[in-house]
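This is a predicted model, so every value here is computed, not measured. Values reported hereafter were calculated over all heavy atoms of this structure, with side chains retained and with hydrogens, waters and symmetry mates removed.
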Amino acid sequence: MAKYYDEIPESLIEWVRKQHMFWVASAPLGPGGHVNVSPKGTADCFHVVNSHRVWYEDLTGSGVETISHIRENGRITILFHSFEGPPRILRLYGTGTVYEYGTQEYESLIPPETRKPGSRAAIVIDVYQCLTSCGYAVPIYDFVTHRTQLLRSSDMKESHDRATVSTVINPKGLRAYWIRQNLSSVDGLPGLLTAPDSKATCSSVFDKGPRPKLHRLSSRDAGVLGTGTTLAIGCAIGALVATALPRILSVTGNFGTRT
């Protein structure tokens, strides 16, 4: 059953901090604009300040929809849902503010020692309402690990920027990528305004470490699984036939002892 709150209950704050990913929804005001939904899953990006304010570290992507929509109208919704444990969906309705990389507000929230590669803004959300609902239709998944491809790619771009004189835009760097991809939304709304021209040095603490290894089903395992599944289906059909056929034949008079 759905339940509304005027603030984030303390019990839900603790639950939010344990989640591995969340979704961000926003939209422009125009009826022909694109509604955007983005998954966010990098560790330690989402932060709860109090029952009315949250913020997350916005990492560089191929689009800039959320930032553009917030600049135009401020509307934003955050969605969490359980992948494991008791089912639950939580929506946070709020008004967002964008603090771009290189601004004082950004650096107060994300100092160099905690900044992630590719971090382009801090999105601060003043929550005016939240909603919980059942989540009964959300599948159960086991969390394995966070992907690191985005961080590695951004770290490589930032290394090109660090190796270049600050007054020059390296075409392989992060600033050049921002200029190519993040200055406006798909509907032409303004995106990043100051980050590409910021004089701050892109620095971050990123332990590359080994790449996470995801288990892929081998052809042999797949064959065994397929054989087992086929056998199970065959046994089920056989049992059904063995149970139903005598009854059918008995009713039609074609089964039993002939005299």
Side chains of [X] and [Y]: closer than 4.5 Å at any heavy-atom pair?
{"X": "Ile78", "Y": "Tyr56", "value": "yes"}
{"X": "Leu59", "Y": "Lys116", "value": "yes"}
{"X": "Leu92", "Y": "Phe80", "value": "yes"}
{"X": "Lys172", "Y": "Asp161", "value": "no"}
{"X": "Ile89", "Y": "Thr132", "value": "no"}
{"X": "Ile76", "Y": "Ile70", "value": "yes"}

Exercise. Out of curiosity, does Leu193 fall in the hydrophobic cluster containing Leu174 (side-chain heavy atoms, cut-off under 4.5 Å, transitive links)?
Worked result: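 Leu174 and Leu193: separate clusters.
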Exercise. Do Tyr5 and Ile13 share a hydrophobic cluster (ILVMFWY, side-chain heavy atoms under 4.5 Å, transitive)?
Worked result: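 Tyr5 and Ile13: one cluster.
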Exercise. With Ser26, which residues qualify under side chain to side chain donor-acceptor pair (under 3.5 Å), at least two apart?
Worked result: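 In terms of side chain to side chain donor-acceptor pair (under 3.5 Å), with neighbours along the sequence ignored, Ser26 is linked to His69.
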Problem set entry | Asn182: partners by side chain to side chain donor-acceptor pair (under 3.5 Å), with sequence neighbours left out |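 Residues passing side chain to side chain donor-acceptor pair (under 3.5 Å) with Asn182: Arg120.
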Exercise. Which pairs, with at least one residue in residues 153-201 and sequence neighbours excluded, count as a ring pair (Phe, Tyr, Trp, His ring centres under 6.0 Å)?
Worked result: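 For residues 153-201: Tyr101-Trp178.
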Greater than 12 external heavy atoms within 6.0 Å of [X]'s [atom1]:
{"X": "His34", "atom1": "NE2", "result": "no"}
{"X": "Asn73", "atom1": "CG", "result": "yes"}
{"X": "Ile140", "atom1": "CD1", "result": "no"}

With a 3.5 Å distance limit and no angle check, can you tell me whether [X] reaches the backbone of [Y] through a side-chain donor-acceptor pair?
{"X": "Ser119", "Y": "Arg115", "result": "no"}
{"X": "Arg162", "Y": "Lys157", "result": "no"}
{"X": "Glu65", "Y": "Asn36", "result": "no"}
{"X": "Thr103", "Y": "Glu100", "result": "yes"}
{"X": "Glu72", "Y": "Ser68", "result": "no"}
{"X": "Glu158", "Y": "Pro117", "result": "no"}
{"X": "Ser154", "Y": "Leu151", "result": "no"}
{"X": "Ser82", "Y": "Pro86", "result": "yes"}
{"X": "Ser159", "Y": "Met156", "result": "yes"}

Let me confirm one number: the [atom1]-[atom2] distance from [X] to [Y], rounded to the nearest 0.5 Å.
{"X": "Leu90", "Y": "Leu79", "atom1": "CG", "atom2": "CG", "value": "8.0 Å"}
{"X": "Ile67", "Y": "Leu189", "atom1": "CD1", "atom2": "CG", "value": "12.5 Å"}
{"X": "Thr97", "Y": "Glu105", "atom1": "OG1", "atom2": "CD", "value": "10.0 Å"}
{"X": "His81", "Y": "Trp23", "atom1": "NE2", "atom2": "CH2", "value": "5.5 Å"}

Exercise. What's the verdict on side-chain contact (heavy atoms from CB on, under 4.5 Å) for Arg175 and Asn170, showing C-alpha distance, side-chain angles and the deciding distance?
Worked result: CA-CA 8 Å; Arg175 297 177 191 278; Asn170 189 312; over 6 Å; no
Contacts table for residues 39-49: side-chain donor-acceptor under 3.5 angstrom, sequence neighbours left out:
unit_1, atom_1, unit_2, atom_2, d
Lys40, NZ, Asp58, OD1, 3.4
His47, NE2, Asp44, O, 3.2

Show the nearest heavy-atom pair for residues [X] and [Y], with the distance to one decimal.
{"X": "Ile8", "Y": "Leu12", "result": "CG2-CB, 4.2 Å"}
{"X": "Ala121", "Y": "Ile110", "result": "O-CD1, 4.3 Å"}
{"X": "Glu57", "Y": "Thr114", "result": "OE1-O, 4.3 Å"}
{"X": "Val64", "Y": "Ser185", "result": "CG1-N, 4.0 Å"}

For this session: Would you please test Phe143 and Met21 for side-chain contact (heavy atoms from CB on, under 4.5 Å) and show each step?
Result: CA-CA 10 Å; Phe143 175 73; Met21 70 170 294; over 6 Å; no
For this session: Indicate, with yes or no, if the rings of Tyr106 and Tyr99 have centres closer together than 6.0 Å.
Result: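 For Tyr106 and Tyr99, the ring centres are not under 6.0 Å apart.
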Which pairs would a plain distance check flag for residues 123-130, meaning a side-chain donor or acceptor within less than 3.5 Å of a matching protein atom at least two apart in sequence or in another chain?
unit_1, atom_1, unit_2, atom_2, d
Asp126, OD1, Arg53, NE, 2.8
Asp126, OD1, Arg53, NH2, 2.8
Asp126, OD2, Arg53, NH2, 3.4

Exercise. For residues 15-26, which residue pairs qualify under salt bridge (charged side-chain N to carboxylate O under 4.0 Å, His left out), counting only residues two or more places apart or in two chains?
Worked result: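 Those involving residues 15-26 are Glu14-Arg17.
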